[in-house]
Amino acid sequence: MCGIFCSHCHPDVKAFRQTAIRMGKQVKHRGPDWSGNHTANNTILVHERLSIVGVDTGAQPILSEDGNIALAVNGEIYNHKILRKRLHKSYPFKTHSDCEVIIPLYQEYGIDAPKHLDGMFSWVLHDKKQDRLIAARDPIGITTFYMGRSSSTPGTVYFASELKCLHPVCDQIESFPPGHVYDSKTDSLTRYFTPKWLVEPSSIPSTPLDLTVLRETFERSVRKRLMAEVPYGVLLSGGLDSSLVAAIAQRETLRLQREYAKKQAALLSGTSTPAVNGYVNGTPPVPTDGESEEGLAGIDEDYHLTDVPVLSQLNSFSIGLPGAPDSKAALEVARFLGTKHHTFTFTIQEGLDALYDVIFHLETYDVTTIRASTPMFLLSRKIKAMGVKMVLSGEGSDEIFGGYLYFHNAPDKKALHEETVRRVNNLHLADCLRANKSTSAWGVEARVPFLDKEFLEVAMNIDPQEKMITKDKIEKYILRQAFDPASLPPGSKPYLPPNILWRQKEQFSDGVGYGWIDGLKDEAKKMVTNEQMKEDVMRKEKPQWGDDLPDSKEAYWYRCMFDEHFPPYCASTVMRWTPTWSKQTDPSGRAIGVHEAAYPEGQVKEEAK
């Protein structure tokens with residue numbers, strides 16, 4: 001995961017250059033491997049790089065051969081090898097970066113270029129001859145991206161990966177909308193991602209459930225995301241979603257190991273060349289010319305991984321308080337799959353001590369995001385210390401399949417479908433923001449297979465009646481059913497132990513240990529008084545909050561820390577996560593009565609006082 005900063009149409013770009021570079025350094029944690037910048041006309045692009053694909057040759061900003069086009073990207077383009085082959089005109093590629101293909105796509109398709117990309121991304125591209133700037137964000141907003149303007153430079157538009165790059169130079173900031181492209185020619189945003197399920201949420205899909213299609217599409221999604229030239233792993237909570245991701249990743253890792261062994265055997269017998277999957281002794285090759293595709297990491301047109309390093313063993317990672325539900329389940333899954341598992345623990349005090357930094361990196365005051373991000377933030381630091389740069393994670397499944405426990409209260413399939421669309425549409429302000437910023441705070445990249453474009457097209461078009469929770473069907477029943485041995489071809493090896501496949505939904509902030517949320521609430525009671533929680537007092541002492549008043553001491557506490565980091569106008573980028581069809585405002589899964597460890601009746605209401 002990289003960091004970018006860009007200003008376009010600045011009145012004095014030469015004088016602003018050092019400020020721009022300083023703003024870019026605000027996200028150096030996202031890209032600790034290299035820094036780059038490029039100035040043309042009145043535009044400057046700044047890039048902080050985390051190298052995962054094209055390690056030796058992919059420094060950014062990337063320039064076209066004639067130097068006219070400059071590109072800075074945060075993210076990964078999984079279908080870049082396919083796109084290279086489908087270009088109408090030959091293009092002299094200079095790197096093995098998966099992102100370079102965006103330049104010839106722009107040359108051929110203009111602002112329609114993002115439509116062709118399969119990946120997670122936010123990028124800015126400057127065309128010097130036209131003095132035109134194009135910016136785009138992936139369909140769901142997996143990578144964080146912001147857009148800003150300043151009353152002191154009214155003709156200038158700014159872009160950055162995080163708020164902290166923009167608020168020193170902008171007084172108007174918004175989250176760049178997912179699935180959109182910006183064009184400086186019109187100074188406007190256009191939606192390019194337009195599936196019917198998203199743009200017409202009231203049109204209820206009726207596609208019959210096909211478990212095989214659902215399973216195979218998800219397997220392809222996981223395989224795509226193993227594209228890397230560096231060590232990678234999986235975040236394993238022991239819940240359904242992360243366990244399925246780990247199971248498929250492990251199967252693909254073992255397949256690659258077998259393929260590698262066969263090629264090594266052929267090499268030793270003298271029937272093969274020294275290069276294996278484009279690697280020699282595990283080292284990625286350096287390109288010798290712009291047209292060579294040897295050694296390019298990625299998928300081919302059959303969705304098969306090619307030219308990736310072979311891991312001796314897939315790493316899996318989990319974190320929790322001592323004795324946490326997730327840690328126990330994760331260890332069981334890891335043993336079943338045969339991953340090299342790493343269990344980390346943290347204390348409530350360690351989590352409390354990290355909160356100030358967590359809010360700085362997360363750039364939010366949403367309660368559930370902060371609760372879940374803190375353990376993920378601590379875990380990511382441990383992962384980076386072990387030399388791992390990329391991890392797969394299970395975000396998105398609950399939004400797609402109605403997996404949160406409050407979906408038990410969905411009145412009918414129409415309401416359920418509309419709520420899943422709303423949740424998916426807001427992921428960039430919630431779980432995607434959490435996964436992206438918690439990991440990138442330490443220079444780790446999180447990839448999320450459930451939010452693959454193709455998988456979304458399949459899963460969001462299933463008749464939502466199949467997603468309804470009943471007394472006979474647990475939440476995410478069809479996803480569980482797709483990977484149940486009864487749905488697999490005869491003789492197939494099980495993906496997961498039955499008790500894991502059919503384990504009740506546990507929100508990450510609960511699963512790391514129920515004491516974590518209880519500890520946060522107890523600390524908030526010490527930090528915020530009953531007097532401060534009175535509405536009239538808040539309106540008098542915190543007028544900048546407007547009508548966005550916290551409804552608990554915990555929320556009040558987080559908002560105060562947010563205000564220490566960011567000016568009031570940054571609050572417009574924050575969304576507070578609350579359950580639907582529930583009288584509870586606490587976002588914990590235990591606030592929903594169907595949870596096996598639900599709060600005692602009335603406890604949540606009392607704690608808000």
Side-chain angles (χ1 to χ4, degrees), residues 1-2 29-33 50-53 55 74-76 78 98 119-121 142-144 218 221-253 256 297 305 308-309 311-320 326-327 330-331 333-334 337 339-344 346 361-362 372-397 427 431-452 508 511-512:
M1 196 58 60
C2 304
H29 51 273
R30 300 178 66 93
D33 295 337
L50 179 68
S51 53
I52 293 179
V53 176
V55 173
N74 169 30
E76 308 291 341
Y78 304 122
D98 55 294
M120 59 176 190
F121 55 82
I142 300 167
T143 61
T144 56
F218 187 60
S221 175
V222 175
R223 284 202 299 272
K224 291 179 194 178
R225 283 154 182 79
L226 295 179
M227 176 185 82
E229 295 175 7
V230 297
Y232 58 81
V234 292
L235 300 182
L236 181 57
S237 71
L240 173 68
D241 308 327
S242 66
S243 297
L244 284 177
V245 171
I248 297 167
Q250 174 69 335
R251 289 184 176 214
E252 184 66 10
T253 299
L256 289 168
L305 271 175
V308 296
L311 302 178
S312 58
Q313 201 170 8
L314 181 66
N315 289 286
S316 56
F317 305 94
S318 67
I319 191 169
D326 276 2
S327 296
L331 182 58
V333 174
L337 298 177
T339 63
K340 185 176 181 180
H341 190 61
H342 310 273
T343 300
F344 298 104
F346 73 103
H361 282 286
L362 267 289
S373 293
T374 304
M376 199 172 190
F377 175 85
L378 297 173
L379 177 59
S380 297
R381 188 175 191 179
K382 295 281 191 181
I383 291 172
K384 185 57 181 288
M386 297 181 65
V388 173
K389 284 187 174 183
M390 185 273 282
V391 291
L392 302 185
S393 192
E395 279 74 17
S397 175
L427 270 168
D431 282 21
C432 284
L433 181 148
R434 168 177 58 81
N436 184 276
K437 291 182 178 177
S438 297
T439 54
S440 65
W442 301 107
V444 176
E445 177 175 284
R447 299 180 181 176
V448 285
F450 280 105
L451 299 180
D452 178 79
F508 185 58
V512 297

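Keep in mind that the numbers below use all heavy atoms, side chains included, and drop hydrogens, waters and symmetry copies.
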Write down the atom of [X], the atom of [Y], and the distance for their closest heavy-atom approach.
X	Y	result
A330	S318	CB-CB, 3.8 Å
L50	C2	N-SG, 3.3 Å
T339	Q250	N-NE2, 3.9 Å
D452	S221	CB-OG, 3.0 Å
G443	P32	CA-CD, 4.3 Å
S243	V333	OG-CG2, 3.5 Å

Quick one: pull up [atom1] in [X] and [atom2] in [Y] and give me the separation to the nearest 0.5 Å.
X	Y	atom1	atom2	answer
L226	I248	CG	CD1	10.0 Å
F317	H342	CZ	NE2	4.5 Å
S373	H361	OG	NE2	11.5 Å
F346	F377	CZ	CZ	12.5 Å
L314	T253	CG	OG1	4.5 Å
T374	L362	OG1	CG	7.5 Å

Heavy atoms, side chains only, cut-off 4.5 Å: are [X] and [Y] in contact?
X	Y	value
L392	V222	yes
L236	H341	yes
T439	E445	no
N74	R30	yes
L235	I383	yes
D98	Y78	no
T144	K437	yes
N315	V234	no

Around K382, counting heavy atoms of other residues, nucleotides and ligands shown, do more than 12 lie under 6.0 Å from its NZ? no
I'd like to know whether CZ of R251 has more than 12 heavy-atom contacts from other residues, nucleotides or ligands below 6.0 angstrom. yes
I'd like to know if the side chain of W442 and the backbone of H29 have a donor-acceptor N/O pair within less than 3.5 Å. no
side-chain contact (heavy atoms from CB on, under 4.5 Å), that's the test. Do V245 and F450 meet it? Break it down for me. CA-CA 9 Å; V245 171; F450 280 105; 4.1 Å; yes
I'd like to know whether L451 forms a side-chain contact (heavy atoms from CB on, under 4.5 Å) with V448, so could you lay out the CA-CA distance, the side-chain angles of the two residues, the decisive distance to 0.1 Å, and finally the verdict. CA-CA 6 Å; L451 299 180; V448 285; 4.0 Å; yes
Using the side-chain contact (heavy atoms from CB on, under 4.5 Å) rule, take M376 and S393 through it: C-alpha gap first, then chi angles, then the decisive distance, then the call. CA-CA 11 Å; M376 199 172 190; S393 192; 4.0 Å; yes
Determine, stepwise, if the pair M227 / R447 fulfils side-chain contact (heavy atoms from CB on, under 4.5 Å). CA-CA 10 Å; M227 176 185 82; R447 299 180 181 176; 4.2 Å; yes
Just by distance, no angles: are the side chains of K389 and S51 close enough, under 3.5 Å, to form a donor-acceptor pair? yes
Any chance the side chains of S242 and S237 put a donor and an acceptor closer than 3.5 Å? yes
Is any NZ, NE, NH1 or NH2 atom of the basic residue among E395 and R434 found under 4.0 Å from an Asp or Glu carboxylate oxygen of the other? yes
